Amino acid sequence: MPKPRVSEAPLLDVKNLSVRFRTVGGTLTAVQNSSFQVFQGETLAIVGESGSGKSVSARAIMRMLAENATVSKDTVVLFKGRDLLKLSEIEIQQVRGDRITMIFQEPLTSLNPIYRVGDQVSEIILRHRKISKKNAKLEVVRLLKEVQIPDPEARASQYPHQLSGGQRQRVMIAMALANEPDLLIADEPTTALDVTVQAEILSLLKELQKSHGMAIMLITHDLGVVRKTSDRVCVMRRGNILEQGAAEQIFNSPKHPYTKHLIDSEPSGQPDPLSDGVPEIIRGTGMKTVFKIKHGSFLNRKTLDLVAVNDLSLAVRAGETLGIVGESGSGKSTLGMSLIRLQEPTAGEISFQGRRIDKLRKKQLRPLRTDLQVVFQDPFSSLNPRMIVRQIVGEGLVVNNIGASGKEREKLVREALDEVQLEADSLDRFPNEFSGGQRQRIAIARAMVMRPKFILLDEPTSALDLSIQAQIIDLLRDLRRKHDLSYLFISHDLKVVKALCHRVIVMRDGNVVEQGRTADVLENPKTDYTKRLVHAALDMFA
């Protein structure tokens, strides 16, 4: 049942929200006449497919839309009785980061790459609170510890690129909670987190909400999270709110067919069986990757060896999908990047199609890059913001001289976009004009257009809602069958891994904890760590 409201008057009252974007191809309506309220102390979840207008609605409230966006004159956004759309720039800056804070979907693009994470958390504290720099640093360490970042003193002195995706997301959460806001807008707050930390972060948010009477506006595609954490739910599609009500009512007796479709959508099926005697396409033997972490003051500089991958061996057969799972910071992404030498391993041998590639120079590796493709975890940071989709997807074709003419390359680009369920009118739009899930599909299209033999998929479905996840899984299956592709699939979503991967490796602190056939490992885990992962992923939010 929804919790009793602390106050009858809404903390946030959004009326007739309409947002349009000016694009090369015309005007795009992202949100259309949407109205909703958030009350003090409650959690309102906004759910829907990628591109439904969830994140645009949040950015409109915060007045953080792109320059080509227009908010309707009929729109009213009342926060504690004040219309945020009528505040001056100075007045809205005083509200942002203090009374209303936001956790963004893509932490790497929100954190400044040239400043240490501790300084960035400290900045928001110093901006809105009367506190000394010394006490602000102590507060930073406390906040980082509170959001479960290990060794917070050392991590505070690191740069964003030195943290895992999940750790960066936790830094964003620490920044958002620093000044104890009245309203926290959480845009996919657990997208980059592994399943065990998801539960910890959501529990933390609920504890803070309870102790401070804070309201949360939760934007997510994870219906399991919504079911466990939210009081009320708004269901959006194509810029419209189709249904809203108490969470219990939405899940137990949904009225709109689209809501029923969302609830029924979940990754399913199993990977096609592989024939015996299929040759290996890529192998890593005795792989080790160590990072040197420097921290401490100028006069007391310390160096810490962080072993991200520790003497690990793996092989992927032609047409096989090998899953890599584990908590954030376990070394999953580092292993994948080291295997295709986008990150130089400290030790180990790597063979691709029977040829040693660990000793090849960058120039010698270049011809192999068309066969070895990657889809990154954070699509926005991997897409050039100054290029339109036509150029982004087709760039590899031009660089590698694929296609006899510009017309033929255009055809290949259109086919790739069609395969990932993006319309042809996407060709002339920029990355910032798409939702997070749509940007992920652009990144997948960019890899697929090269027709590679091996693809490293680093959390490729993390930004996608459930219904689109199922489509992407089917797409990856079809492409694997059609082109005999091999995948190294890195994910914290065990439901997706179960549906797509033939075998799975469970990692923790750079080591292999357990490995084997996916069904064997997930249905009958042998180690306590794997049991905990399986419980968090397949039982807790079921």
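We count residues from 1, following the sequence as given. Every value quoted in this text rests on a predicted model; they were computed, and no experiment measured them.
Gly239 and Ser34 make their closest contact through O-OG, 3.2 Å (heavy atoms, listed as atom of the first residue, atom of the second, distance). Listed here is the closest heavy atom pair of Ala443 and Val375: O-CG2, 4.0 Å. Closest non-hydrogen pair, Asp231 versus Glu42, comes out as OD2-CA, 3.3 Å. Val117 and Pro160 get closest at one heavy-atom pair: CG1-N, 4.0 Å. Heavy-atom minimum distance, Leu242 versus Arg237: CD1-CB, 3.6 Å. Between Leu17 and Val14, the closest heavy-atom pair is CB-CG1, 3.7 Å.
Remark: Glu49 does not engage Arg238 in a salt bridge, criterion side-chain N to carboxylate O under 4.0 Å. The residues Arg96 and Glu89 are annotated as salt-bridged, a charged nitrogen and a carboxylate oxygen being separated by less than 4.0 angstrom. Here Glu207 does not pair with Lys210 in a salt bridge; the nearest charged N to carboxylate O distance is not below 4.0 Å.
Between the Asn179 side chain and the Gly97 main chain, a donor and an acceptor come within less than 3.5 Å of each other. No donor-acceptor distance shorter than 3.5 angstrom exists from the side chain of Gln40 to the backbone of Leu11, with no hydrogens or angles considered. Checking side-chain atoms of Ser491 against main-chain N and O of Asp493 turns up a donor-acceptor pair under 3.5 Å. A donor-acceptor contact shorter than 3.5 Å is absent between the side chain of Glu459 and the backbone of Phe376. For Arg116 (side chain) and Ser157 (main-chain N/O), a donor-acceptor pair under 3.5 Å exists by modelled atom type. At least one donor-acceptor pair closer than 3.5 Å links the side chain of Ser72 to the backbone N or O of Asp74. A distance-only check finds no donor-acceptor pair linking the side chain of Glu243 to the backbone of Ile241 [under 3.5 Å]. Between the side chain of Arg155 and the backbone N or O of Val171 there is no donor-acceptor pair closer than 3.5 Å. The main-chain N or O of Arg414 is never found under 3.5 Å from a side-chain atom of Glu419 such that the two would form a donor-acceptor pair. Distance alone, capped at 3.5 Å, is enough to place a donor-acceptor pair between the Lys54 side chain and the Gly48 backbone.
Residues Pro189 and Gln169 have side chains not in contact (no heavy-atom distance under 4.5 Å, counting atoms from C-beta outward). Counting heavy atoms from C-beta outward, Cys234 and Leu44 have side chains that approach closer than 4.5 Å. Contact of the Ile185 side chain with the Thr101 side chain is not registered, since no non-hydrogen atoms from C-beta on lie closer than 4.5 Å. Between Ile149 and Leu143, the closest side-chain pair of non-hydrogen atoms is not below 4.5 Å. Side-chain contact between Gln162 and Arg168 is absent, with no heavy atoms from C-beta onward closer than 4.5 Å. Contact check for Ile46 versus Met217: side-chain heavy atoms found under the 4.5 Å cut-off. In this structure, Leu78 and Leu12 have side chains that are not in contact, with every pair of non-hydrogen atoms separated by 4.5 Å or more. In this structure, the side chains of Arg390 and Asp428 come closer than 4.5 Å at one or more pairs of heavy atoms.
Using a 3.5 Å distance cut-off with no hydrogens or angles, the side chains of Ser18 and Asn33 do pair a donor with an acceptor. For the residue pair Ser88 / Glu91, a side-chain donor-acceptor distance below 3.5 Å is found, with atom types taken as modelled. Between the side chains of Ser122 and Asp119, no donor-acceptor pair is found at a separation under 3.5 Å. Checking Arg441 against Gln438 by side-chain atom types alone, no donor-acceptor pair falls below 3.5 Å. With 3.5 Å as the limit, one finds a donor-acceptor pair spanning the side chains of Gln209 and Thr43.
In this structure, Arg429 satisfies the cation-pi test against Phe434, with its NZ or CZ atom closer than 6.0 Å to the six-membered ring centre and inside 45 degrees of the ring normal.
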Exercise for the section: Carefully, step by step, assess Leu177 and Leu184 under the rule side-chain contact (heavy atoms from CB on, under 4.5 Å). Expected result: CA-CA 8 Å; Leu177 299 177; Leu184 170 64; 3.9 Å; yes

Handout entry: Criterion side-chain contact (heavy atoms from CB on, under 4.5 Å) on Val225 and Leu218, from CA distance to verdict
Key = CA-CA 10 Å; Val225 170; Leu218 176 66; 4.1 Å; yes

Practice task
I would like to know whether Asn16 and Thr75 meet side chain to side chain donor-acceptor pair (under 3.5 Å); could you show each step before the answer?
Solution key: CA-CA 5 Å; Asn16 302 317; Thr75 300; over 6 Å; no

Exercise for the section: Decide yes or no on side-chain contact (heavy atoms from CB on, under 4.5 Å) for Gln32 and Arg20, but give the supporting numbers first. Expected result: CA-CA 9 Å; Gln32 182 69 37; Arg20 294 175 176 83; 3.4 Å; yes

Exercise for the section: For side-chain contact (heavy atoms from CB on, under 4.5 Å), just list the numbers for Thr70 and Val19, CA-CA rounded to whole Å, side-chain angles, deciding distance to a tenth of an Å, and then say yes or no. Expected result: CA-CA 6 Å; Thr70 302; Val19 181; over 6 Å; no

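The distance from the CG atom of Asn135 to the CZ atom of Arg142 is 12.0 Å, given to the nearest 0.5 Å. Considering CG of Leu417 and CD1 of Ile444, their distance stands at 12.0 Å, rounded to 0.5 Å. Here the straight-line distance linking atom NZ of Lys495 with atom NZ of Lys498 works out to 10.0 Å at 0.5 Å rounding. Separating the NE2 atom in His128 from the CD atom in Glu123 is a distance of 9.0 Å, to the nearest 0.5 Å. In this structure, CD1 on Ile490 lies 4.5 Å from CG on Leu456, to the nearest 0.5 angstrom. The NZ atom of Lys332 lies 13.0 Å from the CZ atom of Arg508; values are rounded to the nearest 0.5 Å.
Remark: Phe291 CZ is packed, more than 12 non-hydrogen atoms of other residues, nucleotides or ligands lying under 6.0 Å away. Shown here is Glu139, whose CD atom has more than 12 heavy atoms of other residues, nucleotides or ligands within 6.0 Å.
Partner of Phe430 under the side-chain contact (heavy atoms from CB on, under 4.5 Å) criterion, chosen from Thr23, Asn384, Ile388: Ile388.
Ring pair Tyr159/His161 is parallel by interplanar angle, where below 30° counts as parallel and above 60° as perpendicular.
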Could you list the donor-acceptor pairs under 3.5 angstrom formed by side chains in residues 56-69, with sequence neighbours left out?
from  : atom 1 : to    : atom 2 : distance (Å)
Ser57 : OG     : Gly53 : O      : 2.8
Arg63 : NH1    : Leu84 : O      : 2.8
Arg63 : NH1    : Leu87 : O      : 2.5
Arg63 : NH2    : Leu87 : O      : 3.3
Asn68 : ND2    : Arg22 : O      : 2.9

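Taking Arg127 as the reference, nothing meets the salt bridge (charged side-chain N to carboxylate O under 4.0 Å, His left out) condition, with sequence neighbours excluded.
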